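Structure record follows, encoded as structure tokens.
All values derive from a computational prediction rather than experimental measurement. Lettering of chains follows the sequences in order, A, B, ..., and the numbering in each one begins at 1. What you see below is based on every heavy atom in this structure, not just the backbone, and it leaves out hydrogens, waters and symmetry mates.
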Protein chains: 2
Amino acid sequence: MRNAEASRERILDAAMEEFSTYGIAGARVDRIAKSAGCNKNLIYIYFESKEILFTTVLQKNLERAFEEIPFSPDRLPEFAVNVFDFAMTHSDVMRLLMWANLEQKTDNPPQRESAHEEKIRQIGEAQSAGRIASTLPPPFLLTAIMTIATSWASTNPFGPSLNPEAAKDRDALRASVAGAVERLIRTDHPTD
Amino acid sequence: MRNAEASRERILDAAMEEFSTYGIAGARVDRIAKSAGCNKNLIYIYFESKEILFTTVLQKNLERAFEEIPFSPDRLPEFAVNVFDFAMTHSDVMRLLMWANLEQKTDNPPQRESAHEEKIRQIGEAQSAGRIASTLPPPFLLTAIMTIATSWASTNPFGPSLNPEAAKDRDALRASVAGAVERLIRTDHPTD
DNA sequence: TATATATAACTAACCGGTTAGTTATAATAT
DNA sequence: ATATTATAACTAACCGGTTAGTTATATATA
């Protein structure tokens, strides 16, 4: 049982669980070590500090999310549904993202920023071409779509915790997400 | 300078600052005491524990929010704008709410739950009367409105941190919030 | 009004347990 | 042999909560 790569992975998995549950300040390195079945110092050999371990876990999981969810400005309801499914299936990643946003003062990784910028650019293009409504500015529209799509993850204080009943019917929620986004972009008036 | 009520208030103010910045696990009772200009033990005399102090601060601030923001199912865009203004002006309260949702496992206070229920009921009524569109189920609609309205507070990982430029123009955002909500409820097709 | 008494408001110092991070040492593979 | 992988043992600082005691203020009494 001497395998650096495997140990590293076990630590990352354990850290994911710990950080998503307790956040950075609340996480305990001892607990991560125990849960990963390794010595605490091994964690400090592979990852310099608790904070760096957190950032590593977050980055890895966000990358996966970006790869999994394709984007097209002409299929925004579909995109929203994909985000919705990801958020509902990976509530731990959503929690990680929230912790990072609350506890860390660091900027977003440049790749995430530029991916966001690119989406905004494409939305603007689709608006100019009249394929979707131009009423809402692209940055606002994208933010609205992301927040609506993730609003039924447990991280949202206005989501499932306030609506335990509605939160059960995932298919209905998925349809509503698509419907809401469709409403935000429809061009029923030629002037839109 | 011996005034129980004033001391209590100073502690609550200091705690608000500390908890909204660091969360429950990250908050330091010593720091709260120092910032409130009192002895740490005084905090434990007035509030039993760190956790109870947090809950007290949260409750107090949420109550204020409920009082300040009136609700009418026939003025949903206006309601959303009021929520938006509150969220932008009181980002510390928003952070408190996020920390509570992430760190605490306790249910929402019953008054908050019932206030939410009542809003949903009124929305359903307005839908049945045909005053707003019936496409989206009331619980989904209310959650969508709340999340859109608060999506430009710093607590949203898809909000200002990804759109620093757009976040500056508060008036434009306010108008977009109203516009988005209007789109979610408009009845342009008689079948809606 | 001056003095004794009771109580409310507050504090300094401490404690047991915890926590992130280190050091020294052992085992394994090549 | 020697570099890599791993662990046990350790430490300094921290932290929530407590204890034992002091100071201010109100009330009662003579």
Side-chain angles (χ1 to χ4, degrees), chain A residues 1-60 92 95-96 99-100 102-106, chain B residues 1-60 95-96 98-100 102-106:
Chain A
M1 245 258 273
R2 197 148 266 246
N3 185 332
E5 190 55 37
S7 298
R8 235 189 89 101
E9 282 308 311
R10 272 183 359 255
I11 291 171
L12 282 173
D13 288 348
M16 174 66 174
E17 168 84 14
E18 179 76 9
F19 282 127
S20 79
T21 306
Y22 301 104
I24 304 174
R28 296 295 167 247
V29 180
D30 281 304
R31 220 152 37 192
I32 295 173
K34 190 179 175 187
S35 157
C38 78
N39 187 272
K40 179 165 60 157
N41 191 39
L42 206 56
I43 293 175
Y44 286 94
I45 291 172
Y46 291 140
F47 311 92
E48 276 193 37
S49 68
K50 193 190 187 186
E51 184 103 11
I52 288 177
L53 176 58
F54 174 86
T55 307
T56 308
V57 173
L58 178 65
Q59 287 257 34
K60 180 187 155 193
D92 50 354
R95 288 178 64 89
L96 228 51
W99 289 117
L102 282 175
E103 296 191 283
Q104 291 189 312
K105 284 147 205 205
T106 59
Chain B
M1 245 262 273
R2 208 150 254 245
N3 185 332
E5 191 54 38
S7 298
R8 235 188 90 101
E9 282 308 311
R10 269 177 10 248
I11 292 171
L12 283 173
D13 288 347
M16 174 67 175
E17 169 85 14
E18 178 77 8
F19 282 128
S20 78
T21 306
Y22 301 104
I24 303 174
R28 295 296 165 247
V29 180
D30 282 303
R31 219 152 38 193
I32 294 173
K34 190 179 175 186
S35 157
C38 78
N39 187 273
K40 178 164 61 156
N41 187 241
L42 205 55
I43 292 174
Y44 286 93
I45 291 171
Y46 292 142
F47 311 92
E48 276 193 39
S49 67
K50 194 192 191 186
E51 185 103 12
I52 288 177
L53 176 56
F54 174 86
T55 306
T56 308
V57 173
L58 177 65
Q59 286 256 34
K60 181 186 153 192
R95 288 178 64 89
L96 229 51
M98 294 303 310
W99 290 118
L102 282 175
E103 295 190 285
Q104 290 188 314
K105 285 146 205 202
T106 58

Problem - Side chain proximity check, A:Glu17 to A:Asp13, heavy atoms < 4.5 angstrom - result: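 No, side chains not in contact.
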Could you state the [atom1]-[atom2] distance from [X] to [N], rounded to the nearest angstrom?
{"X": "A:Ile24", "N": "C:dT19", "atom1": "CD1", "atom2": "P", "answer": "16 Å"}
{"X": "B:Asp30", "N": "C:dA13", "atom1": "CG", "atom2": "P", "answer": "14 Å"}
{"X": "B:Asn41", "N": "C:dT11", "atom1": "CG", "atom2": "C1'", "answer": "8 Å"}
{"X": "B:Lys50", "N": "D:dC14", "atom1": "NZ", "atom2": "C1'", "answer": "12 Å"}
{"X": "A:Phe47", "N": "C:dA20", "atom1": "CZ", "atom2": "C1'", "answer": "16 Å"}
{"X": "B:Phe19", "N": "D:dG16", "atom1": "CZ", "atom2": "C1'", "answer": "11 Å"}
{"X": "A:Asn39", "N": "C:dA20", "atom1": "CG", "atom2": "C1'", "answer": "13 Å"}
{"X": "A:Lys40", "N": "C:dA20", "atom1": "NZ", "atom2": "C1'", "answer": "6 Å"}

Practice task
Using modelled atom types only, decide if a donor and an acceptor are shared between the side chain of B:Trp99 and the backbone of B:Ile24 within a distance under 3.5 Å.
Solution key: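 Not at all, since once roles are kept as given, no pair shorter than 3.5 Å links the two residues.
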Problem - A:Glu18 side chain to A:Arg28 backbone, donor-acceptor under 3.5 Å - result: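 Flag set: sc A:Glu18 to bb A:Arg28 pair under 3.5 Å.
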Practice task
When you get a sec, tell me which of C:dA20, D:dG17, D:dA6 is the closest nucleotide to the side chain of B:Tyr44?
Solution key: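 Out of C:dA20, D:dG17, D:dA6, the nucleotide with an atom closest to B:Tyr44's side chain is D:dG17.
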Handout entry: Candidates C:dA20, D:dA6, D:dG16 - which lies nearest the side chain of A:Leu42
Key =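 Ranking C:dA20, D:dA6, D:dG16 by closest atom to the A:Leu42 side chain puts D:dA6 first.
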Exercise for the section: For A:Tyr46, report the nucleic acid contact type (base, sugar-phosphate, nothing); a contact means any heavy atom under 4.0 Å. Expected result: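 If one applies the 4.0 Å heavy-atom cut-off, A:Tyr46 turns out to touch the sugar-phosphate alone, with no base involved.
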Practice task
Identify whether any heavy atom of A:Ala27 sits under 4.0 Å from a base atom; if not, whether one sits that close to sugar-phosphate; answer base, sugar-phosphate or nothing.
Solution key: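 A:Ala27: backbone/sugar contact only, no base atoms under 4.0 Å.
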Practice task
Please check the phosphate of C:dA20 (OP1 and OP2 only) for any side-chain N or O of A:Arg28 closer than 4.0 Å.
Solution key: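 So the side-chain polar atoms of A:Arg28 do come within 4.0 Å of the phosphate oxygens OP1 or OP2 of C:dA20, strictly under.
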Handout entry: Phosphate-side-chain proximity, B:Ser7 and C:dC10, N/O vs OP1/OP2 below 4.0 Å
Key =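 For C:dC10, OP1 or OP2 has a side-chain N or O of B:Ser7 closer than 4.0 Å.
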Exercise for the section: Return yes when atom CD of A:Gln104 has more than 12 non-hydrogen atoms of other residues, nucleotides or ligands closer than 6.0 Å, and no otherwise. Expected result: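 Atom CD in A:Gln104 is packed in, count exceeds 12.
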Problem - Pair A:Glu9 + A:Lys60: basic N to acidic O under 4.0 Å - result: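 Yes, this pair counts.
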